[in-house]
Participant: 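One structure, pasted below without further comment.
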Amino acid sequence: MDGESGDVVRRERFSGGPARGFLSSMGADKRIFEADLAVDRAHVVMLAEQGIVSEEEADEILGALSEVEAAGYDALPDGEDVHAAIETGVIDSIGPVGGKMHTARSRNDEVVTCIRYRLREDLVEALEATLAFREALVEAAGEHTETLMPGYTHLQPAQPTTVAHWLLSYEGAVARDTERLLDAYSRVNRCPLGAAAFAGTPFDIDRERTAELLGFESVLENSMDASSTRDFLVEVIGTLATLATTLSGMAEDLIIFANRGYVELSDDYASTSSIMPQKKNPDTLELVRATAGDASSGLSGLLTTLKGLPRAYNRDLQRATPYAWETVDAVCEATTVAAGAVATAGWNEGILREAAGEGFSTATGVADALAMAGLPFRTAHELVALAAESGSDYAALDAASEEVLGEPLTEHVPREAIEAALDPAESVASRDSQGGPAPGAVEGTLTATRAALAADETAVDGIRKALDAAANDLNEEVRSYD
Ligand code: ARG
């Protein structure tokens, strides 16, 4: 029968030689097996509805697709890629009529529809990972609004803050990653099917219908753009690389905090040494930190692969896709591990309180107190800087006052105000500007954060439900051909 199926003969002639393995994407395509079956089904249903294939032909092809699905990926016949292999499986099962499945399309629009279809699932996973991570950060923050800690700039003690304020600084960043992923989702969720090789088709296809059957929001209009663009992958990986970069910073913070005894990781997120029995190492966080390397190499690999590609389809694109799968997997896993490490970490409040005032970290608060009493801030800064050369207590400040102002500090500000500014807890409590670390201000941030998180959870839940509903509807449609 193969003699009648020109496609099969052609594939053997062109890709059966020594470069067969090199040409093949079968390894990476396992990821889009289910997606390809869905795309095939939607396409066949549309072809039947448009009268391009008969109902009986559609019925036969859809039946063969179910057999291919039941047999599983590993049972697929040989093929250059999953699309060719599934088609061969269908033709093997029902004969040349199976070749009608590929009417009015090309592997070029087919593959990119599969990528978008599958990527939607992955994006939902990534979104859910960001939500779970944010939950963990918010939960821990709720418990530590009063837990003092040193805050750093340049890794030098800077100003005292709280663990909650530190945790919510990461929540804010990850919330923007959720936002970026949601935004990227809306552009991934557009359907290229029906673009064919790049130049459309003379068949009277209904692109809106296949988009609908696959649960896509809309159709990607220009057929040359639709079949060739991979900008949506850049967007998604770029966002994941942004997230991975944030994660790496948080991991680094926690590794430093663990080193100083501020935080103790749960044993589940630590490792030991094969030789040094006393060791408890923050290995999971080191791997989270390293994932930024995976993500940025994914992004740069993808961009380098895409750079300078002429219109329209080029086989380079086959090697672009795996960067997306690898990055999505690595960053989702790292996000989930980071969430677990945060949720189970124990904060050593005593050590943190001691450390919070180290390195005269209350100096800025003292300068602020002097400025609030009327001194120009620059003069106050100079006075405190001079004091810092000899000490970090009231006496040092008073001596500096004599030197800079020619009179004792009490001429400007009551001693209690300075003593209060020198206390790390009071220092934190005084900084109650919006978004600041004072417990009351953090409570305000927490309230807004919880509301935003709940709204994002609802949005992601809606996407998950829409995808499930679309898959069910397609199944129903297919069953109507039985
Ligand atoms: N496997 C290919 C990919 O991943 C799709 C096949 C398109 N092949 C072609 N010769 N036009 O991009």
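Positions are given from 1, in the same order as the sequence printed here.
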Participant: Is there a side-chain contact between H43 and D40 in this structure, where contact means two heavy atoms from C-beta onward sitting under 4.5 Å apart?
Facilitator: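 The answer is no; the side chains never approach within 4.5 Å.
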Participant: Is the shortest side-chain heavy-atom distance between E457 and L453 below 4.5 Å?
Facilitator: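 Contact flag for E457/L453 side chains = yes.
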Participant: For side chain to side chain contact (heavy atoms under 4.5 Å, CB included), just list the numbers for H83 and D36, CA-CA rounded to whole Å, side-chain angles, deciding distance to a tenth of an Å, and then say yes or no.
Facilitator: CA-CA 7 Å; H83 322 291; D36 197 57; 3.0 Å; yes
Participant: When you look at CD of E139, are more than 12 heavy atoms from neighbouring residues, nucleotides or ligands closer to it than 6.0 Å?
Facilitator: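 Check fails, neighbour count at 12 or below.
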Participant: Any cation-pi pair here, R207 with F216, using under 6.0 Å and within 45°?
Facilitator: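 The answer is no, since R207 fails at least one limit relative to F216.
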Participant: Calculate, to the nearest 0.5 Å, the distance between atoms CZ and CD belonging to R209 and Q50 respectively.
Facilitator: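 Reported value, rounded in 0.5 Å steps: 9.5 Å.
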Participant: Could you tell me the separation between the CG atom of N189 and the CG atom of L467, rounded to the nearest 0.5 Å?
Facilitator: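 So the gap between those two atoms works out to 7.0 Å.
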Participant: With a 4.5 Å heavy-atom cut-off, do V68 and F33 have their side chains touching?
Facilitator: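 V68 reaches F33 side chain to side chain.
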Participant: What are the two closest non-hydrogen atoms of T445 and G435, and how far apart are they?
Facilitator: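 Nearest pair, atom of T445 first, then G435: OG1-CA, 3.8 Å.
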Participant: Can you label the angle between the Y262 ring and the F257 ring as parallel, tilted or perpendicular, going by 30° and 60°?
Facilitator: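 Rings of Y262 and F257: tilted, as their planes differ by 30° to 60°.
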Participant: For the side chain of T229 and the backbone of A226, is there at least one donor-acceptor N/O pair under 3.5 Å apart?
Facilitator: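 Not a single qualifying donor-acceptor pair exists.
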Participant: Do E235 and R230 meet the salt-bridge criterion of a basic N to acidic O distance under 4.0 Å?
Facilitator: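 E235 and R230: not salt-bridged.
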Participant: Measuring only between side-chain heavy atoms, which start at C-beta, is T291 closer than 4.5 Å to L247?
Facilitator: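 No; the side chains remain at least 4.5 Å from each other.
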Participant: Heavy atoms, side chains only, cut-off 4.5 Å: are I61 and V90 in contact?
Facilitator: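 Yes, their side chains come closer than 4.5 Å.
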Participant: Where do E125 and V328 land on the side chain to side chain contact (heavy atoms under 4.5 Å, CB included) test, with the steps shown first?
Facilitator: CA-CA 9 Å; E125 298 277 320; V328 127; over 6 Å; no
Participant: For N108 and S228: C-alpha separation, side-chain torsions, deciding distance, then whether side chain to side chain contact (heavy atoms under 4.5 Å, CB included) applies.
Facilitator: CA-CA 8 Å; N108 298 352; S228 52; over 6 Å; no
Participant: Could you tell me whether R311 atom CZ has more than 12 heavy atoms of other residues or ligands within 6.0 Å of it?
Facilitator: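 Counting other residues, nucleotides and ligands, CZ of R311 exceeds 12 neighbours.
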Participant: Decide yes or no for L303 and I237: does some side-chain heavy atom of the first lie under 4.5 Å from some side-chain heavy atom of the second?
Facilitator: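 No - every pair of side-chain heavy atoms lies 4.5 Å or more apart.
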Participant: Might you work through the salt bridge (charged side-chain N to carboxylate O under 4.0 Å, His left out) test for D329 and R31, ending with a clear yes or no?
Facilitator: CA-CA 12 Å; D329 289 345; R31 183 105 174 195; 2.7 Å; yes
Participant: Please determine whether a side-chain nitrogen of the Lys or Arg among D461 and K465 lies less than 4.0 Å from a carboxylate oxygen of the Asp or Glu.
Facilitator: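 Judged by the 4.0 Å cut-off on N to carboxylate O distance, D461 and K465 do form a salt bridge.
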Participant: Can you tell whether the side chains of K280 and E264 come within less than 4.0 Å, N to carboxylate O?
Facilitator: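 Yes, charged N to carboxylate O under 4.0 Å.
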Participant: Any ion pair linking E80 and R315 (charged N to carboxylate O, less than 4.0 Å)?
Facilitator: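 Answer for the salt bridge query: yes.
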Participant: Give a yes or no answer on whether the side chain of D109 reaches the backbone of G194 with a donor-acceptor pair at less than 3.5 Å.
Facilitator: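 Side chain of D109 to backbone of G194: a pair is present.
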Participant: Is there a side-chain contact between M149 and H144 (heavy atoms, below 4.5 Å)?
Facilitator: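 No - every pair of side-chain heavy atoms lies 4.5 Å or more apart.
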Participant: Taking C-beta and beyond as the side chain, do R118 and E34 meet within less than 4.5 Å on heavy atoms?
Facilitator: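 A side-chain contact is absent here, since even the closest heavy-atom pair is not under 4.5 Å.
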Participant: If you draw a 6.0 Å radius around CZ in F198, do more than 12 non-hydrogen atoms from other residues or ligands fall strictly inside?
Facilitator: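 Atom CZ in F198 is not packed in, count stays at 12 or less.
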Participant: Take T178 and R134 through the test side chain to side chain donor-acceptor pair (under 3.5 Å) and record every step on the way to the result.
Facilitator: CA-CA 10 Å; T178 305; R134 288 167 62 193; 2.9 Å; yes
Participant: Where the side chain of N281 meets the backbone of D283, is there a donor-acceptor pair that is under 3.5 Å apart?
Facilitator: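 Side chain of N281 to backbone of D283: no pair is present.
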Participant: Can you confirm whether E143 is buried at CD, in the sense that more than 12 heavy atoms of other residues, nucleotides or ligands lie under 6.0 Å from that atom?
Facilitator: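 Above 12, so yes.
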Participant: Does a side-chain N-to-carboxylate-O contact under 4.0 Å join R479 and E476?
Facilitator: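 A salt bridge is present here (some side-chain N lies under 4.0 Å from a carboxylate O).
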Participant: Before giving the answer on side chain to side chain contact (heavy atoms under 4.5 Å, CB included), spell out for E57 and T103 the whole-Å C-alpha distance, their side-chain angles and the decisive distance to 0.1 Å.
Facilitator: CA-CA 12 Å; E57 288 166 338; T103 310; over 6 Å; no
